[in-house]
Amino acid sequence: MSNCTERLYNGIIKENPTFVLMLGMCPTLAVTTSAVNGLGMGLSTTVVLVLSNMLISMLRKIIPDSLRIPAFIVVVASFVTIVQFLLQGFVPSLYASLGLYIPLIVVNCIILGRAESYASKNPVLPSIFDGIGMGLGFTAGLTCIGVVRELIGAGAVFGFQVLPIADISTGQAGYVPVTIFILAPGAFLVLAGLTALQNRFKRSAAKKGKKVPESAGCGEGCASCGNSACSGKVFPTGNEKE
Amino acid sequence: MKELLIIAIGSALVNNVVLSQFLGICPFLGVSKKVQTAAGMGGAVVFVITIASFVTGLVYKFILANKAILNGKLVYLQTIVFILVIACLVQFVEMFLQKSMPSLYQALGVYLPLITTNCAVLGVALTNVQKEYSILTGVINGLGTSVGFLIAIVILAGIREKMEYNDVSESFKGTPIVLITASLMAIAFFGFSGLI
């Protein structure tokens, strides 16, 4: 059981996919216009991640090694399709606001990354907890960014108006929302601030001699990329460098 | 004709795939250190997205949504089918280029495998279906979108080359300053929104 709690801690804090590994940047930037959207996207991804980790871990001895990535993609795509229809049926408002980004969960590097680096090598129970941990870490990351953007951009949190909006016509004093934060440039700005903070923490941790996991996202270029799903292995050509 | 032009300009500039739809962020940040490599990546993306939107358009129209096959009920399989079609297609394009156009392969080859997991390719294929574009319109939309990607990544690479010489504060070195550049570019691209 300690192994399972360790997986949860690892996913949510130590290797948080958004803040530490910097994986899955497309949905992180795109759907965090409000906290609710961020939470919805995070939870949908969590469901897919847990189910795909579970199934891939169950099948890990059956799937031949050379065909594993296509097999993973089919498993993930099936669960994404299921989640898509569940959202469409039961939470149509969320489905409408997330739109295209729900089917795009398929190409989210977190899911293929966890399948490749954890679920395909470990037993079912730890894999499920790994999925829950990583998923909740991703959810927490998206929700945080969503809260920041919604608060600055609209003066609200989870749709509740926290800061009273100034009204020019009646002359009432209040908060003037910086609308750009819920538009596209704001996403880049918030993430820039966040990664700068992360750099700062990393430097001070390095000074104290602590080890910090390297970010596995694509910000540093493909050479240092830890995402094995993205190095030409999808359908192996035979001439990749190992 | 006019409609096609509007769709192409709309997807290239107004709704730029990277700067307003956030698809393909990974290569946008990762492969934009030099103008030359950025142009190579952009060229490969134009190539693959244009072909992929044609092929997925065909698959959708004649297999998934074909009334003769299960009364067109296979539509729900679109995500699974599209991602597999795109993965196979990239592999096929790579082999084809290697054999028949070695010079083009030299220029684009390195970037081709990276494109399978580029969400812009799947994104365009799904948008074409969602907006019920015909095959021709879909291809034009794909071409416009990918040219938008090419424009954005080349501009970013140009700025990054100049930025090499700037004195950036320690914490903002690397990804953060690139993201801020992207943010300013996104603001500049807002200027196109009055175009259509």
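Here is how names work: the chains are called A, B, and so on, in the same order as the sequence lines, proteins then strands, and each is numbered from 1. What you see is a predicted model; the values in this text were computed from it and never measured.
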Looking at A:Ala196, A:Gly186, A:Pro27, which makes the most heavy-atom pairs under 4.5 Å with chain B? A:Ala196
Can you say whether B:Phe189 sits under 4.5 Å from chain A via the side chain, the backbone, both, or neither, judging by heavy atoms? neither
Identify, with sequence neighbours excluded, every residue that meets side-chain hydrogen bond (donor to acceptor under 3.5 Å, both in side chains) alongside B:Ser32. B:Arg160
Side-chain donor/acceptor of B:Thr137 to backbone N/O of B:Tyr133, under 3.5 Å: no
Under 4.5 Å from any heavy atom of chain A, what part of B:Thr181 do you find: side chain, backbone, both or neither? neither
So does A:Glu116 pair up with A:Arg68, basic N to acidic O under 4.0 Å? yes
Working to the nearest 0.5 angstrom, can you tell me the gap between B:Met185 CE and B:Leu156 CG? 5.5 Å
Which bit of A:Arg203 comes within less than 4.5 Å of chain B, counting heavy atoms only: side chain, backbone, both or neither? side chain
Will you find, in the side chains of A:Asn37 and A:Ser97, an N or O donor that is under 3.5 Å from an N or O acceptor? yes
Using atom types as modelled and distance alone, determine if a side-chain donor or acceptor of B:Asn15 lies under 3.5 Å from a backbone N or O of B:Ser11. no
Is the CZ atom of B:Phe96 crowded by more than 12 outside heavy atoms at less than 6.0 Å? no
Heavy-atom pairs under 4.5 Å with chain A: which of B:Leu19, B:Val18, B:Leu184 has the most? B:Leu19
Contact part of A:Leu194 toward chain B, heavy-atom cut-off under 4.5 Å: side chain, backbone, both or neither? neither
Are there residues of residues 145-154 of chain A whose heavy atoms fall under 4.5 Å of chain B's heavy atoms? If so, which? none
Residue, of A:Cys26, A:Pro185, A:Ala77, that accumulates the most heavy atom pairs under 4.5 Å with chain B: A:Pro185
Take A:Thr81 and A:Ser78 through the side chain to side chain donor-acceptor pair (under 3.5 Å) test and state the conclusion after the steps. CA-CA 5 Å; A:Thr81 309; A:Ser78 318; over 6 Å; no
Look only at the side chain of A:Gln198 and the backbone of A:Phe19, and say whether a donor-acceptor pair between them is shorter than 3.5 Å. yes
Are the side chain of B:Asn16 and the backbone of B:Gly148 linked by a donor-acceptor contact shorter than 3.5 Å? yes
Pair count under 4.5 Å, heavy atoms only, with chain B: among A:Thr195, A:Leu197, A:Asn108, highest is A:Thr195
